[in-house]
Trainee: 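The structure is given below, and queries will be raised subsequently.
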Protein chains: 2
Amino acid sequence: MMKIKDGIVNVTILGSTGSIGTQTLNVIRNLNSQKKMTGKEYNVVGIAAKGKDDFGKLLDQVNEFHPDKVALFDEDAPEAFRAICPEVDVVAGDDGLEELAKDDKADIIINALLGAIGLKSTICALETGHRVGFANKETLVAGGEFVMKVAKENEYQSELLPIDSEHSALFQSMMGQPKNRIKRVIITASGGTFRDKTYDEIKQMNPSLNDVLKHPNWTMGAKITVDSATMMNKALEVIEAHWLYALPLNKIATVLHRQSILHSAVEYIDGSIIGQFGEATMEKPIQFALTYPDRIFHPTKFSLIPEENDREYVLTFQKLDRYDPKYKCFDLGLSAIEKGGYMPAVMNAANEIAVNAFINGRIAYLDIPKIIEQAMIDFEKTHITKYDGHIEKVFLFDRLTRVQTESIIKMFYER
Amino acid sequence: MMKIKDGIVNVTILGSTGSIGTQTLNVIRNLNSQKKMTGKEYNVVGIAAKGKDDFGKLLDQVNEFHPDKVALFDEDAPEAFRAICPEVDVVAGDDGLEELAKDDKADIIINALLGAIGLKSTICALETGHRVGFANKETLVAGGEFVMKVAKENEYQSELLPIDSEHSALFQSMMGQPKNRIKRVIITASGGTFRDKTYDEIKQMNPSLNDVLKHPNWTMGAKITVDSATMMNKALEVIEAHWLYALPLNKIATVLHRQSILHSAVEYIDGSIIGQFGEATMEKPIQFALTYPDRIFHPTKFSLIPEENDREYVLTFQKLDRYDPKYKCFDLGLSAIEKGGYMPAVMNAANEIAVNAFINGRIAYLDIPKIIEQAMIDFEKTHITKYDGHIEKVFLFDRLTRVQTESIIKMFYER
């Protein structure tokens with residue numbers, strides 16, 4: 001188990017130019033401004049990004065944080081980046097990413113990659129004994145059974161820490177508590193952009209990407225904001241909680257909590273519920289993954305106590321209906337983990353392709369669940385259901401599903 | 001530190017016939033029904049009560065739980081009880097109570113006594129190395145500095161566990177967390193019976209005891225229900241948290257939370273707030289004090305998730321105004337701990353006498369703060385302010401204040 005000691009803490013950020021990556025760098029700025037108090041300096045040793053679109057941000061990051069290595073996985077990117085930034089070691093493609101994830105120099109890997117490539121990185125980092133703070137969904141949705149085996153059974157007892165707000169809240173609500181006495185965990189859901197619309201209203205409006213991006217509580221990347229609107233996000237979180245906390249599905253509940261102030265809670269068998277509240281910002285769970293088990297000052301506006309006499313904070317909790325047709329993706333996601341085996345990997349790959357097609361304006365919002373359902377029906381017909389411990393098959397079915405789903409979109413759905 | 005082992009756990013209940021005492025026995029019934037699962041049997045070795053009014057309940061308790069010893073502290077009670085219940089060892093008065101609190105046979109003492117006598121019992125029990133679950137307010141309000149010294153510095157590292165819902169919630173929200181990173185604790189207050197009335201409305205209605213006992217959230221003893229209405233209860237809890245968790249007063253906040261579902265919370269410097277929710281029943285914190293650090297099944301109706309689609313749970317949080325005239329007692333209680341020394345003991349004794357006078361119909365509801373304020377003004381004039389480590393002086397000022405306050409009530413306030 002990685003122990004954060006005084007002195008230098010070396011951090012590698014996979015996906016440094018995305019929403020989670022840039023927030024991780026904000027957190028590192030905050031932590032390093034308190035160096036005198038904490039006795040720790042967070043040092044960025046490696047960053048990874050996709051390709052040429054990231055060059056602007058990447059250059060700024062190299063100039064500010066001076067990482068030893070930069071990994072770029074688009075084919076033509078490494079050569080071009082070397083040309084404009086000769087002072088840094090640039091590594092290329094999947095091999096370069098693997099080199100970064102395994103780099104002995106790092107203590108903590110923040111994995112904010114999208115897709116199966118992130119799952120590979122998590123496995124490499126855990127095998128090397130790093131602490132991994134992960135936002136990558138595939139790590140547990142597609143690779144959960146395998147990844148948890150690696151995390152628990154390798155010689156380092158590597159730590160796998162969640163950096164989304166719900167799982168971080170669950171983690172924080174289990175610290176020091178008897179984990180064998182959990183009655184169930186309660187994952188909160190904001191309800192997404194269309195929580196106040198009915199299925200028929202959504203159908204009528206035929207939402208554009210811009211409509212979806214008006215999320216009431218959070219500012220996040222486009223993919224996750226769409227997943228939040230379709231409620232697929234919550235199904236993915238249920239699957240992640242299932243693996244991360246070794247909980248059967250009947251011990252994982254969800255609740256509609258519009259204010260996103262309670263980030264999730266754990267109910268114990270004595271009826272006591274421990275929950276974690278806070279501002280709706282990803283920087284807090286990111287920082288906690290970096291400082292755990294310690295807590296370091298982070299600027300905060302929200303508290304449970306209003307400052308004015310006439311103000312009232314209101315937190316509401318409503319049942320989240322799995323069978324509400326507007327949340328069809330939620331039902332599909334839960335069905336995938338109920339079916340088990342490789343089905344969650346297939347469901348997740350189909351969702352990612354479908355959501356990207358929606359983001360790129362190729363399909364309608366309500367086509368998303370139809371495309372995922374089709375992929376799941378097709379995979380079920382193959383009768384390949386039981387997971388047999390081969391992580392290669394996860395990558396295989398991920399890739400196959402992506403290709404097939406892409407074809408189906410091209411042939412039937414593209415407008 | 002007392003470790004709960006498998007096998008027999010011996011419990012002594014001081015104040016067994018009161019509200020907390022009878023609920024403790026309910027909890028013990030619940031725990032013993034799960035003996036097979038827990039491997040533990042909770043065995044009542046001693047009970048203590050006041051006098052003849054308790055005989056009915058006391059006899060039932062002896063017949064069901066077969067304690068080895070019964071302590072009775074009213075002068076004429078022991079002899080009379082021996083006559084009707086010869087099979088149990090009856091000990092008498094303050095000495096008997098002390099004998100019970102020090103009894104080697106007990107592992108846990110539940111201290112639900114009212115008044116200074118409870119403080120003495122806590123000290124005896126801690127000095128003997130027992131775990132003490134306490135509801136007795138004097139333990140920390142009057143004796144905080146001395147008691148915490150005894151708990152921490154004796155050879156046993158005795159455990160002092162709170163069994164009121166707010167401090168139990170704080171305790172549960174600190175388990176496994178870095179206690180040196182607490183920004184502040186947030187104690188929730190229901191607002192009491194008259195939370196929706198203004199000071200003028202309360203003045204006009206001139207409430208009777210029956211009016212006060214209509215508490216919206218909790219069923220508790222009369223004294224504590226009155227303290228909840230006057231908000232003195234919350235001031236006492238601030239003082240208790242100050243000692244129990246070694247927190248300066250500026251790190252202890254209060255918030256008006258009408259639903260009594262969040263029992264209290266701890267805010268850490270990273271902006272994360274950990275809180276504990278549950279049903280508003282004292283049985284839960286009592287059970288936790290008995291089973292800590294484990295948690296055992298306790299029947300629970302409440303969860304954060306409504307069962308019906310159209311139902312919504314609403315939790316509200318409002319600022320609690322110290323200077324609202326209807327909560328004058330709250331301000332007086334906070335002033336007492338701000339002044340420090342023996343003032344909290346004086347304030348608490350005056351409050352107890354005043355509230356009892358109100359319960360007995362001798363004074364009006366709004367006389368309560370006037371009487372407390374008078375006692376505090378008088379004590380301040382003595383210039384005896386600094387606590388000098390003599391617990392005997394706490395008992396002395398407690399007794400003096402009671403006598404003087406009683407005289408003032410007789411002479412000036414009695415109707």
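Keep in mind the model is a prediction, meaning the values are calculated, not measured. Residue numbers begin at 1 in each chain, while the letters A, B, ... track the order of the sequences.
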Trainee: Side chain from CB out, backbone as N, CA, C, O: work out which of these in B:L320 comes under 4.5 Å of a heavy atom of chain A, or both, or neither.
Mentor: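 For B:L320, neither part sits under 4.5 Å from chain A.
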Trainee: Would you mind checking which part of B:L304 comes under 4.5 Å of any heavy atom in chain A, side chain (CB onward), backbone (N, CA, C, O), both or neither?
Mentor: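 Both parts, backbone and side chain.
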Trainee: Less than 4.5 Å to any heavy atom of chain B: does that hold for the side chain of A:Q172, its backbone, both, or neither?
Mentor: both
Trainee: Between A:F302 and A:F277 (judged by ring centroids, cut-off 6.0 Å), do the two rings come close enough to count as a pair?
Mentor: no
Trainee: Yes or no on side chain to side chain contact (heavy atoms under 4.5 Å, CB included) for B:V266 and B:Q177, after CA distance, side-chain angles and deciding distance?
Mentor: CA-CA 10 Å; B:V266 179; B:Q177 300 290 343; over 6 Å; no
Trainee: Picking from B:D321, B:D324, B:D294, which has the most non-hydrogen pairs under 4.5 angstrom with chain A?
Mentor: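 Ranked by contacts with chain A, first place is B:D294.
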Trainee: Please rank A:Q287, A:M174, A:Q259, A:R184 by heavy-atom pairs under 4.5 Å with chain B and give me the top one.
Mentor: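 Highest number of pairs under 4.5 Å: A:R184.
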Trainee: Among A:T300, A:I305, A:I273, A:T188, which has the most heavy-atom pairs under 4.5 Å with chain B?
Mentor: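 So the answer, after comparing A:T300, A:I305, A:I273, A:T188, is A:I273.
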Trainee: In terms of heavy-atom proximity below 4.5 Å to chain A, should B:R311 be classed as side chain, backbone, both, or neither?
Mentor: backbone
Trainee: Looking at A:L247 and A:H242, what are the two nearest heavy atoms and their distance?
Mentor: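 Scanning both residues completely, I find the closest heavy atoms to be O-ND1, 2.7 Å.
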Trainee: Non-hydrogen atoms of chain A under 4.5 Å away: do they reach the side chain of B:F288, the backbone, both or neither?
Mentor: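 Just the side chain, heavy atoms under 4.5 Å.
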Trainee: Report which part of A:L262 has an atom under 4.5 Å of a heavy atom belonging to chain B: side chain, backbone, both, or neither.
Mentor: side chain
Trainee: Can you see whether B:Y268 has B:R181 sitting over its ring - NZ or CZ less than 6.0 Å from the centre and within 45° of the normal?
Mentor: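 No, B:R181 and B:Y268 do not form such a contact.
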Trainee: With a 4.5 angstrom heavy-atom cut-off, is it the side chain or the backbone of B:E312 that approaches chain A, or both, or neither?
Mentor: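 For B:E312, heavy atoms of backbone and side chain both lie under 4.5 Å from chain A.
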Trainee: Under 4.5 Å from any heavy atom of chain A, what part of B:E283 do you find: side chain, backbone, both or neither?
Mentor: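 Neither; nothing under 4.5 Å.
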Trainee: Under 4.5 Å heavy-atom distance to chain A, tell me which part of B:Q276 shows up: side chain, backbone, both or neither.
Mentor: both
Trainee: Taking everything shown except B:E308 itself, do over 12 heavy atoms lie less than 6.0 Å from its CD?
Mentor: yes
Trainee: Out of A:S168, A:G275, A:G176, which one racks up the most heavy-atom pairs below 4.5 Å with chain B?
Mentor: A:G275
Trainee: Give the intermediate values and the outcome of side chain to side chain contact (heavy atoms under 4.5 Å, CB included) for residues B:H298 and B:N30.
Mentor: CA-CA 7 Å; B:H298 190 266; B:N30 172 61; 3.6 Å; yes
